[in-house]
S.K.: 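Okay, handing you the structure first.
Keep in mind it's a predicted model, so treat the numbers as computed, not measured.
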Amino acid sequence: VPALPRHLAHLRLRRLGHMARMPDGWVVKQLLFAKGFTGLPARGGSGAPRRQWFACAKDTLQDHAVGEGWYHLAQDRVFWRRMCHDLTST
């Protein structure tokens, strides 16, 4: 795996864990985990629609075989940080 995509996956997983540990009342967390939230409208142009950050993060979780229990794993900051490092260092 090239270094840049691996580094981006590492950062994406770390950020996802950070957002999972945010207090439930924070707007950022509410928007990220809201069902049906499609993000801001695209600016026009041709081609495929822009990918949403959370969709990319979920793909990264699937690529590294992290199951549906990722949210509960992310609550332990030390464990999540070590797991992100281990998953993206190989």
Side-chain angles (χ1 to χ4, degrees):
V1 176
L4 183 59
R6 186 174 49 226
H7 182 67
L8 292 176
H10 176 78
L11 294 176
R12 193 175 298 123
L13 289 175
R14 292 270 311 270
R15 177 65 55 186
L16 185 63
H18 173 70
M19 291 183 162
R21 289 185 301 274
M22 283 183 177
D24 289 335
W26 287 29
V27 175
V28 173
K29 184 175 183 177
Q30 291 174 356
L31 289 175
L32 180 68
F33 295 109
K35 301 289 185 206
F37 179 70
T38 58
L40 300 175
R43 292 189 196 169
S46 62
R50 293 182 184 170
R51 291 209 31 151
Q52 297 171 0
W53 185 87
F54 192 56
C56 290
K58 286 175 79 174
D59 287 347
T60 302
L61 288 170
Q62 289 177 352
D63 291 345
H64 294 291
V66 178
E68 292 294 324
W70 70 268
Y71 185 83
H72 298 291
L73 294 174
Q75 301 307 311
D76 182 354
R77 182 182 173 275
V78 175
F79 174 79
W80 185 257
R81 185 172 183 156
R82 188 178 315 122
M83 185 192 77
C84 291
H85 176 73
D86 292 345
L87 289 175
T88 56
S89 65
T90 57

S.K.: For Ala9 versus His64, what's the shortest heavy-atom pair and its separation?
M.R.: CB-NE2, 4.2 Å
S.K.: Please report the interatomic distance CZ(Arg82) to CG(Leu87), rounded to the nearest 0.5 Å.
M.R.: 12.5 Å
S.K.: If we ignore hydrogens and angles and just use 3.5 Å, is the side chain of Trp80 paired with the main-chain N or O of His18 as donor and acceptor?
M.R.: no
S.K.: Check this for me: Arg21, atom CZ, are more than 12 non-hydrogen atoms of other residues, nucleotides or ligands nearer than 6.0 Å?
M.R.: yes
S.K.: Report the distance from atom CE of Met83 to atom CZ of Arg14, rounding to the nearest 0.5 Å.
M.R.: 11.5 Å
S.K.: Provide the closest heavy-atom pair for Ala74 versus Ala20 in the form atom of the first, atom of the second, distance.
M.R.: CB-CB, 3.9 Å
S.K.: As an exercise, state the distance from CG of Asp59 to CZ of Phe54, rounded to the nearest 0.5 Å.
M.R.: 10.5 Å
S.K.: Linking I/L/V/M/F/W/Y whenever any side-chain heavy atoms sit under 4.5 Å apart, do Val66 and Phe79 land together?
M.R.: yes
S.K.: Are side-chain heavy atoms of His85 and Arg81 found at a separation under 4.5 Å?
M.R.: no
S.K.: Do the non-hydrogen side-chain atoms of Leu11 and Arg15 ever get within less than 4.5 Å of each other?
M.R.: no
S.K.: Linking I/L/V/M/F/W/Y whenever any side-chain heavy atoms sit under 4.5 Å apart, do Leu4 and Leu13 land together?
M.R.: no
S.K.: Should the heavy atoms of other residues, nucleotides or ligands under 6.0 Å from NZ of Lys58 be counted, would the total exceed 12?
M.R.: no
S.K.: Taking the side chain as every heavy atom from C-beta outward, state whether Met19 and Met22 have any atom pair closer than 4.5 Å.
M.R.: yes
S.K.: Leu61 versus Leu16: any side-chain heavy-atom pair under 4.5 Å?
M.R.: yes
S.K.: Can you list the residues that meet the ring pair (Phe, Tyr, Trp, His ring centres under 6.0 Å) rule with Tyr71, with sequence neighbours excluded?
M.R.: Phe33
